[in-house]
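Position 1 is the first residue of the sequence; numbering continues from there. Because the structure is a prediction, the values reported are computed rather than measured.
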Amino acid sequence: MRSPTKTRITWRDLPAHVRTAVEAILDDRVVAAESQPGGFSPGTADRVRTARGGRAFVKAVSPAQNDRSPAMHRAEARIAAALPATTPAPRLLGSHDDGEWITLVYADVEGRHPATPWDATELTAVLSTLETMAAALTPAPAVATTAATEALAHDFGGWRRIVEEPPADLDPWARAHLEELCAAADRGLAALGGDTLCHLDVRADNLLIGPDGTVTVVDWPWACRGPAWLDTLLTVVNVQVYGGHDPDTLLAAGPLTAHVDPADLTGALAGFTGFFLDGARQPPPPGIPTVRAFQRLQGDALLPWLARRLGE
């Protein structure tokens with residue numbers, strides 16, 4: 001990923017009692033830690049090594065870095081603990097929550113993020129993994145109480161907020177089609193029913209490709225109940241952002257998206273595009289200075305694709 005947070009803390013920045021709690025979970029002393037790039041969390045993201053040679057991945061945050069991040073880590077702890085063993089996700093070894101610091105300790109997964117622009121072989125492996133993952137997570141574990149229609153209701157209202165206060169640099173095509181864009185996003189939201197646990201944030205920096213080509217999906221704070229095709233659509237969104245493949249061909253060929261009503265897919269795409277473009281003009285959240293630029297990058301990349309689909 002090319003837009004990591006610039007303010008991430010590291011293992012050495014954690015309070016002593018938090019590091020001690022991690023070592024208790026690992027039943028060993030941490031002797032080395034390497035901060036990982038990518039993503040937007042201002043909290044730690046460290047691969048650690050213990051005195052006996054064990055390895056783990058540690059992520060920790062407090063309200064001092066960002067006031068919303070602890071709630072996200074707590075949600076991820078609940079979801080990760082409930083994932084079936086067949087889920088292509090890291091195994092949660094334990095968590096620590098002292099009311100201020102929330103820390104998650106995972107089994108370390110060897111791998112790297114997919115190349116961007118996306119490599120065809122890696123993309124095929126990811127899409128196949130998402131198909132398998134959707135089957136493993138249907139029906140959704142009981143811990144997944146939030147529906148995608150609820151989780152994305154505000155986000156998919158982005159075009160309506162743009163209608164109320166259009167930015168001066170709004171794309172001329174979008175300005176001329178705001179009513180249609182609002183209606184499409186409404187349809188997209190209505191199409192998000194389902195009982196599959198969706199990751200809801202699948203993109204290159206939340207995926208790891210192992211040495212043997214195995215794909216692991218990481219970072220689960222946004223997981224919710226929705227349609228089996230939603231994570232595939234989000235992957236194709238990320239592919240469109242970086243280029244190199246025709247997104248409509250990918251949707252038409254994908255086992256999870258091929259038989260979905262194209263207007264529903266277009267509607268969901270409209271919802272995400274409006275969310276990105278509306279979010280990009282907001283002040284950056286504390287400790288996450290680069291996220292608005294990334295939202296703008298995504299919105300600008302998706303808008304021409306959305307215009308083509310709405311013109312079909």
Side-chain angles (χ1 to χ4, degrees), residues 1 86-89 111-138 140 148 152 156 184-185 187-210 212-218 222-273 275-276 297-312:
M1 202 68 180
T86 51
T87 309
R112 57 169 178 77
H113 299 310
T116 52
W118 279 74
D119 170 81
T121 300
E122 293 180 355
L123 177 57
T124 297
V126 168
L127 294 176
S128 176
T129 297
L130 293 180
E131 183 183 4
T132 302
M133 186 173 83
L137 295 178
T138 306
L152 292 172
F156 275 37
R187 173 164 185 160
L189 186 65
L192 297 183
D195 194 27
T196 298
L197 182 65
C198 303
H199 180 278
L200 203 59
D201 200 22
V202 181
R203 58 179 195 250
D205 65 315
N206 282 336
L207 297 164
L208 293 175
I209 308 289
D212 61 354
T214 301
V215 177
T216 303
V217 186
V218 304
W222 305 110
C224 62
R225 289 180 291 106
W229 50 263
L230 183 53
D231 284 337
T232 295
L233 175 64
L234 284 164
T235 302
V236 176
V237 162
N238 194 246
V239 172
Q240 172 66 10
V241 169
Y242 291 109
H245 302 269
D246 178 64
D248 291 315
T249 299
L250 293 174
L251 293 179
L256 296 178
T257 51
H259 303 295
V260 178
D261 189 327
D264 288 345
L265 294 173
T266 302
L269 176 62
F272 286 118
T273 306
F275 163 64
F276 293 140
L297 173 69
Q298 293 176 99
D300 287 347
L302 296 183
L303 192 60
W305 177 27
L306 177 58
R308 290 197 305 270
R309 290 189 64 92
L310 286 173
E312 291 176 354

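Counting heavy atoms from C-beta outward, Leu265 and Arg309 have side chains that approach closer than 4.5 Å. Side-chain contact between Leu251 and Trp229 is absent, with no heavy atoms from C-beta onward closer than 4.5 Å. Under the 4.5 Å side-chain criterion, counting only non-hydrogen atoms from C-beta, Val217 is not in contact with Thr87. Leu234 has its side chain out of reach of Asp201: every pair of non-hydrogen atoms, C-beta onward, lies at least 4.5 Å apart.
The two residues Leu302 and Gln240 come nearest to each other via the heavy atoms CD2-CG, 3.9 Å. The two residues Gly243 and Pro117 make their nearest non-hydrogen contact at O-CB, 3.5 Å. Nearest approach of Pro227 to Cys198, heavy atoms of both residues: O-SG, 3.2 Å. Here the closest heavy-atom approach between residue Phe156 and residue Leu189 is recorded as CD2-N, 3.7 Å. Between Gly213 and Ala125, the shortest heavy-atom distance links the atoms O-CB, 4.2 Å. When every heavy atom of Arg187 is checked against every heavy atom of Ala263, the shortest pair comes out as CZ-CB, 3.4 Å.
Scored by the side-chain hydrogen bond (donor to acceptor under 3.5 Å, both in side chains) test, Trp305 finds Asp248 as partners (sequence neighbours excluded). Under the side chain to side chain contact (heavy atoms under 4.5 Å, CB included) criterion, Asp212 pairs with Thr214, not counting sequence neighbours. In this structure, Ala190 has no side chain to side chain contact (heavy atoms under 4.5 Å, CB included) partners at least two apart in sequence or on a different chain. The side chain to side chain contact (heavy atoms under 4.5 Å, CB included) test applied to Ala228 returns Ala134, Thr196, Leu256, not counting sequence neighbours. In this structure, Phe276 has no ring pair (Phe, Tyr, Trp, His ring centres under 6.0 Å) partners at least two apart in sequence or on a different chain.
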Assess the residue pair Val215 and Met133 against the criterion (side-chain contact (heavy atoms from CB on, under 4.5 Å)); give the C-alpha distance rounded to whole Å, side-chain angles, the decisive distance to 0.1 Å, and a yes or no.
CA-CA 11 Å; Val215 177; Met133 186 173 83; over 6 Å; no

Is there a side-chain contact (heavy atoms from CB on, under 4.5 Å) between Phe275 and Leu152 once you walk through the steps?
CA-CA 9 Å; Phe275 163 64; Leu152 292 172; over 6 Å; no

Worked check of side-chain contact (heavy atoms from CB on, under 4.5 Å) between Thr235 and Leu123:
CA-CA 9 Å; Thr235 302; Leu123 177 57; 4.2 Å; yes

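Residue Asp195 holds its CG atom at 10.5 Å from CG of Leu137, rounded to the nearest 0.5 Å. Going from atom OG1 of Thr257 over to atom CG of Leu230 covers 11.5 Å, rounded to the nearest 0.5 Å. Arg308 contributes atom CZ, which lies 10.5 Å from atom CG of Leu303 (distance to the nearest 0.5 angstrom). With rounding to the nearest 0.5 angstrom, the CG atom of Asp231 is 7.0 Å from the CG atom of Leu200. Expressed to the nearest 0.5 Å, how far NE2 of His113 lies from CZ of Arg203 amounts to 9.5 Å. To the nearest 0.5 angstrom, Asp205 atom CG is 7.5 Å from Asn238 atom CG.
Sorted by first and then second residue, the side-chain hydrogen bond (donor to acceptor under 3.5 Å, both in side chains) pairs with a member in residues 123-137 form an empty list; sequence neighbours excluded.
Here the side chain of His245 pairs no donor or acceptor atom with the backbone of Leu250 at under 3.5 angstrom.
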